[in-house]
Undergrad: 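To start, I am sharing the structure in question, which I have written as structure tokens.
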Amino acid sequence: TVKGLLLFRVVVGSRNANRIPSGLFPDAVELRNQEWAVSQAVCLVFMALFPEHYCSLLGLQSALERKVLVDVSNAAEMNIHRLSNAEQLAELFPNCLVVKGFNTVSTWELQTGAHDGSRQVLICSNSTEGKKKVVQLARQMGFHPVDMGGLSAAREIEVAPLRLLPSWSGPVVVTFLLFLFFYGYGFLRGILLPFLAQGHNAFYRLALDLLNESLPVVALVILALVYFPGLFAAWLQLWSGTKKQLGLLRFLCAALHGVYSLCLPLRRITLRNELGVWRSELYLSCGVLGLGVLSLLAVTSLPSVGNTLNWREFMFVQTGLGYIALTLSIMHTFFFGWDFAFHIEAYPFYMPPSYLVAVVLPWIVLVCRCFLLHPCIFTRLTRIRRGWESKHNCPTCQDLTTLSQPYLKWE
């Protein structure tokens, strides 16, 4: 629930109120069925459900008449040329005042209040009366409402949380291409050609040395690219929006180069056999990359940084990069153990090394995550997260199946 809403009477309507466990909502919030909740609403009704379930409320059209319906849903895909969820809701309930709002505000911001999160709330509607009431509510809750115009603006508002770091695509591509060029150049010059010409095997340098040589060169070139457009006024407008992103990527390359350089003495004291060198190179490289990804996770966990990300960007960093960090950490541990785990000397008193004990749970988590990504499981899990329930567990859904058929074109 929302801190600001505790100043008002809040009634939550559910299609199966009896199945919701007690304690899920604060004591001040009433939990009833949908019909009773709508009848108790004075003017504002928040539609906290996915658009494919809008038709389940068609039987409440008369009770919802002239009330303000606040649609808080987000788009399922990046498509601004189709009807928005709010526009579909307005067509289903023509006698209601449909307002789009609060969909760009995260649950963290709603729980902690506007002081710890982004204060901006994007609002749009074709109804001046409905928009005025939602704007007033947002201000009472401590947020800063922004009028985006008519309900057609909901198409842009609904896809806003789906955008994944839009200003970073260009800088990341430039950095990756630069790194690929210099890494390939170094591989050709220092590894492949000497091997073909002289038979000198230096492929172990791929994991650490070549990375360490490429990163500072990329950082230096990016630094020049940041200030290069200033020499040409015609290019300034093109590059001015990416200077910050390129600067941060330059810092990341330079920081990784510094850590790699500190690791070089550790690699040089290893025994000079090919397997030993490969183990050392991969062990240090995975550790440094894992530390870099964990640093990004730590920075985005700060409220001042996390509040600038939409929900998809935050989940990408915390979940996507989090599993990458977990994978690199597991690889770092495996390369540390190498083949020592298969020696009987590693099990005194039949007790495995501590790093083998520590890697069991992370490995189970990673395997289970891969299992959940299987299409058969992932598709069903996505449907459940969007409010789907089996007919056995939710008999109400069976009654709504026929009712929803005319609106399947919107799914």
Side-chain angles (χ1 to χ4, degrees), residues 172-225 249-296 321 323-347 352-356 358-359 362-363 366-367 370:
V172 169
V173 170
V174 171
T175 304
F176 176 75
L177 292 177
L178 285 173
F179 176 80
L180 195 63
F181 170 77
F182 286 109
Y183 190 83
Y185 179 80
F187 170 73
L188 182 66
R189 179 180 179 274
I191 298 178
L192 184 60
L193 291 180
F195 176 75
L196 296 176
Q198 305 169 5
H200 177 63
N201 187 352
F203 285 93
Y204 64 88
R205 297 183 62 240
L206 288 170
L208 188 63
D209 275 352
L210 197 54
L211 277 174
N212 192 40
E213 292 176 4
S214 303
L215 287 172
V217 178
V218 173
L220 184 60
V221 174
I222 291 178
L223 180 62
L225 285 176
L249 290 172
R250 179 193 71 241
F251 171 76
L252 177 62
C253 292
L256 289 176
H257 166 62
V259 177
Y260 273 124
S261 298
L262 292 175
C263 293
L264 286 178
L266 298 177
R267 193 260 298 170
R268 292 193 180 103
I269 64 175
T270 59
L271 296 176
R272 279 300 172 184
N273 61 79
E274 186 173 354
L275 287 178
V277 172
W278 271 109
R279 170 184 175 266
S280 176
E281 301 283 300
L282 294 173
Y283 159 72
L284 293 175
S285 186
C286 290
V288 172
L289 292 176
L291 177 62
V293 176
L294 287 173
S295 300
L296 291 177
L321 294 185
Y323 278 105
I324 292 177
L326 180 64
T327 303
L328 289 171
S329 301
I330 292 175
M331 294 173 62
H332 175 71
T333 305
F334 282 158
F335 287 128
F336 172 78
W338 202 244
D339 60 345
F340 301 152
F342 301 101
H343 295 170
I344 189 62
E345 296 83 2
Y347 299 86
S354 57
Y355 63 85
L356 282 182
V359 83
W363 180 251
L366 191 61
V367 171
C370 295

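Positions are given from 1, in the same order as the sequence printed here.
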Undergrad: Roughly how far, to the nearest 0.5 Å, is CH2 of Trp363 from CG of Leu326?
TA: 10.0 Å

Undergrad: Drop me the distance from Leu211's CG to Phe179's CZ, to the nearest 0.5 angstrom.
TA: 4.5 Å

Undergrad: Hey, what do you get for NE2 (His332) to CG (Leu284), rounding to the nearest 0.5 Å?
TA: 7.5 Å

Undergrad: Minimum heavy-atom separation for Ala325 and Val293, please, with both atom names.
TA: CB-CG1, 3.7 Å

Undergrad: Do Val173 and Leu177 come close enough that some side-chain heavy atom pair is under 4.5 Å?
TA: yes

Undergrad: Of all residues at least two apart in sequence or in a different chain, which pass the side-chain contact (heavy atoms from CB on, under 4.5 Å) check with Phe176?
TA: Leu180

Undergrad: To the nearest 0.5 Å, how far apart are CG in Leu206 and CZ in Phe187?
TA: 6.0 Å

Undergrad: What pairs meet the salt bridge (charged side-chain N to carboxylate O under 4.0 Å, His left out) rule with one or both residues in residues 188-207, with sequence neighbours excluded?
TA: Arg205-Asp209, Arg205-Glu213

Undergrad: To the nearest 0.5 Å, tell me how far Ser214 OG sits from Phe182 CZ.
TA: 8.5 Å

Undergrad: Once you round to the nearest 0.5 Å, how far does CG of Leu321 lie from OG1 of Thr327?
TA: 11.0 Å

